[in-house]
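Read the numbers this way: they start at 1 and go in the same order the structure lists the ligands and their atoms. Model, not experiment: these values are computed from the prediction. Numbering starts at 1 and runs along the sequence shown.
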Amino acid sequence: MSTTMHAVQIPQHGDSSVLAWVPVPKPSPKPDQVLVKVAYAGVNFIDTYQRSGLYPQSMPFIVGREGSGEIVEVGSEAQGGFKVGDRVAFMAPGSYAEYDAIPTLAVAKLPDSVSLEDGAALLLQGMTAWSLVRQAYKVEKGDWVLIHAAAGGVGLLLCQMCKHLGANVIGTTSSEAKAKLAKQNGADYVVDYSNGYDALVEKVNELTGNKGVHVVLDGVGAATFDVSLKVVRRLGTVISFGNASGAVPPVNIMRLAEKNIRLMRTTLFQYLTTREEFDALSSEVIELVAEKKLDLAVHKIYPIQDVKHAHDDLEGRKTTGKLLLKI
Ligand code: NDP
């Protein structure tokens, strides 16, 4: 059996030019791991942070945090009842590769009704969105919710979920085409924020009778943080969960006292610290997809050799919904 494979392994942090499909050693599963022959890798903004060094990694580093495929080997003490041939989705480092060895804690079996494409698209962004609206802030019927970057990967899922939960959904996007898509996915109102935030403040005030929204779900980060604090209502919640425009600078906590604002900075990984937590969250999202209650809105499937293109498009705000790499 071959001891090498190909993967997108980077030798150092940098822009997308560091991404290359190169030969590397093929991993073997540890006792509580399974080896997956990867069919598709999901692309996420976090991949760009790990590549650039915003989230530093030790080098060399195989990029990618999620994927789907078939189990080809099972570790000697693997839990979870996995067997060779199972179709699975997984969320673990090293997915831009032909093979990935993954702790069983981070693997979910896919029902026959869920394709491998959808399998690679649903875990990271789906569990992020679901944990935001069910755990970080429990969205209730009638809530006013503001979703930044509403046509993005997490954004479109949030629009669908918030609508499904009965909220009034306001989205922001940078173009007309993205606004249309956000509306098709459940946003009631969409504001273009590419030329500043005055129109957003005005629209939120008009819609909420000057009260502001109950919750802001902000994955854009540095650029939107101030306006998020501005449009949230008294006793409202701002959840910052990403840095697409750069990291939010340190915040003076006294700014929250103006309206008794709750401010959270969440990461999905803190909702997934045990097998039970992973199984509960992943199975709820898989069920939403299997029952066709959640559309994963795959924007484009790039061949793995075009990985640079995928990162450039994502960072260049040229995409909507989910990006996949076909291995
Ligand atoms: P998206 O598909 O949402 O892409 C990012 C979007 O952000 C762009 O399409 C763009 O939409 C908007 N944006 C605004 N300003 C910029 C900028 N300066 N540069 C690039 N994009 C910008 O990505 P994901 O769905 O993968 O992730 C969305 C956010 O969620 C990211 O910040 C990511 O880090 C975060 N995230 C956090 C997790 C967590 O555990 N906390 C887990 C998963 C994701 P537009 O053009 O409409 O402005």
Side-chain angles (χ1 to χ4, degrees), residues 15-16 41-52 54-55 63-66 91 93 95 120-133 135-137 146-161 170-183 185 187 190-197 200 216-228 238-248 264-273 277-278 281 285 296-300 310-325:
D15 62 21
S16 63
V43 179
N44 293 285
F45 228 91
I46 190 173
D47 305 346
T48 69
Y49 307 148
Q50 295 190 328
R51 188 210 71 222
S52 70
L54 179 65
Y55 295 174
V63 187
R65 295 282 324 189
E66 70 174 338
M91 205 185 83
S95 66
L122 55 75
L123 281 185
L124 207 151
Q125 292 173 337
M127 292 197 292
T128 297
W130 197 234
S131 64
L132 284 169
V133 300
Q135 298 189 56
Y137 177 92
L146 172 62
I147 300 168
H148 286 305
V154 178
L156 285 181
L157 302 181
L158 284 174
C159 287
Q160 293 175 52
M161 289 169 178
I170 306 171
T172 56
T173 65
S174 67
S175 75
E176 187 83 9
K178 288 185 177 187
K180 194 169 162 207
L181 190 64
K183 283 191 178 159
N185 279 267
V190 180
V191 181
D192 188 329
Y193 60 1
S194 52
N195 293 315
Y197 302 102
L200 175 62
V216 184
L217 303 171
D218 187 345
V220 170
T224 45
F225 186 76
D226 284 341
V227 76
S228 295
V238 173
I239 304 181
S240 177
F241 65 94
N243 327 286
S245 66
V248 177
M264 275 186 97
R265 203 324 180 166
T266 58
T267 99
L268 172 61
F269 307 101
Q270 287 302 319
Y271 291 120
L272 299 176
T273 60
E277 286 175 348
F278 179 85
L281 199 48
V285 173
L296 295 165
V298 174
H299 164 82
K300 190 167 169 183
H311 276 220
D312 288 343
D313 287 352
L314 184 63
E315 291 176 289
R317 303 170 80 162
K318 293 189 184 135
T319 67
T320 58
K322 185 73 195 175
L323 279 60
L324 296 178
L325 297 167

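- Residue Asn185 comes nearest to Gln160 through the heavy atom pair OD1-NE2, 2.9 Å, listed as atom of the first residue, atom of the second, then distance.
- Scanning both residues, Glu66 and Ser95, for their nearest heavy atoms gives O-OG, 2.8 Å.
- Side chains of Asp313 and Thr319: no donor on one and acceptor on the other come within 3.5 Å.
- In this structure, Asp47 contributes its side chain and Asn44 its backbone to a donor-acceptor pair below 3.5 Å.
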Just list the N/O pairs, ligand 1 to protein, that are under 3.5 Å apart, with the distance for each.
{"unit_1": "ligand 1", "atom_1": "2 (O)", "unit_2": "Gly153", "atom_2": "N", "d": "2.8"}
{"unit_1": "ligand 1", "atom_1": "19 (N)", "unit_2": "Ala244", "atom_2": "O", "d": "3.2"}
{"unit_1": "ligand 1", "atom_1": "25 (O)", "unit_2": "Gln125", "atom_2": "NE2", "d": "3.1"}
{"unit_1": "ligand 1", "atom_1": "25 (O)", "unit_2": "Gly153", "atom_2": "N", "d": "3.3"}
{"unit_1": "ligand 1", "atom_1": "25 (O)", "unit_2": "Val154", "atom_2": "N", "d": "2.8"}
{"unit_1": "ligand 1", "atom_1": "26 (O)", "unit_2": "Phe45", "atom_2": "N", "d": "3.0"}
{"unit_1": "ligand 1", "atom_1": "26 (O)", "unit_2": "Gln125", "atom_2": "NE2", "d": "3.0"}
{"unit_1": "ligand 1", "atom_1": "32 (O)", "unit_2": "Tyr49", "atom_2": "OH", "d": "3.0"}
{"unit_1": "ligand 1", "atom_1": "32 (O)", "unit_2": "Gly219", "atom_2": "O", "d": "2.6"}
{"unit_1": "ligand 1", "atom_1": "32 (O)", "unit_2": "Asn243", "atom_2": "N", "d": "3.1"}
{"unit_1": "ligand 1", "atom_1": "32 (O)", "unit_2": "Ala244", "atom_2": "N", "d": "3.4"}
{"unit_1": "ligand 1", "atom_1": "34 (O)", "unit_2": "Tyr49", "atom_2": "OH", "d": "2.7"}
{"unit_1": "ligand 1", "atom_1": "40 (O)", "unit_2": "Leu268", "atom_2": "N", "d": "2.6"}
{"unit_1": "ligand 1", "atom_1": "41 (N)", "unit_2": "Phe241", "atom_2": "O", "d": "2.9"}
{"unit_1": "ligand 1", "atom_1": "41 (N)", "unit_2": "Thr266", "atom_2": "O", "d": "3.0"}
{"unit_1": "ligand 1", "atom_1": "46 (O)", "unit_2": "Ser174", "atom_2": "OG", "d": "2.5"}
{"unit_1": "ligand 1", "atom_1": "46 (O)", "unit_2": "Lys178", "atom_2": "NZ", "d": "2.6"}
{"unit_1": "ligand 1", "atom_1": "46 (O)", "unit_2": "Arg317", "atom_2": "NE", "d": "3.1"}
{"unit_1": "ligand 1", "atom_1": "47 (O)", "unit_2": "Ser174", "atom_2": "N", "d": "3.1"}
{"unit_1": "ligand 1", "atom_1": "48 (O)", "unit_2": "Tyr193", "atom_2": "OH", "d": "2.5"}
{"unit_1": "ligand 1", "atom_1": "48 (O)", "unit_2": "Arg317", "atom_2": "NE", "d": "3.4"}
{"unit_1": "ligand 1", "atom_1": "48 (O)", "unit_2": "Arg317", "atom_2": "NH2", "d": "2.7"}

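- Between the side chains of Ser131 and Gln135, no donor N or O sits under 3.5 Å from an acceptor N or O.
- Lys322 places no side-chain N or O within donor-acceptor distance of the main-chain N or O of Gln125, the cut-off being under 3.5 Å.
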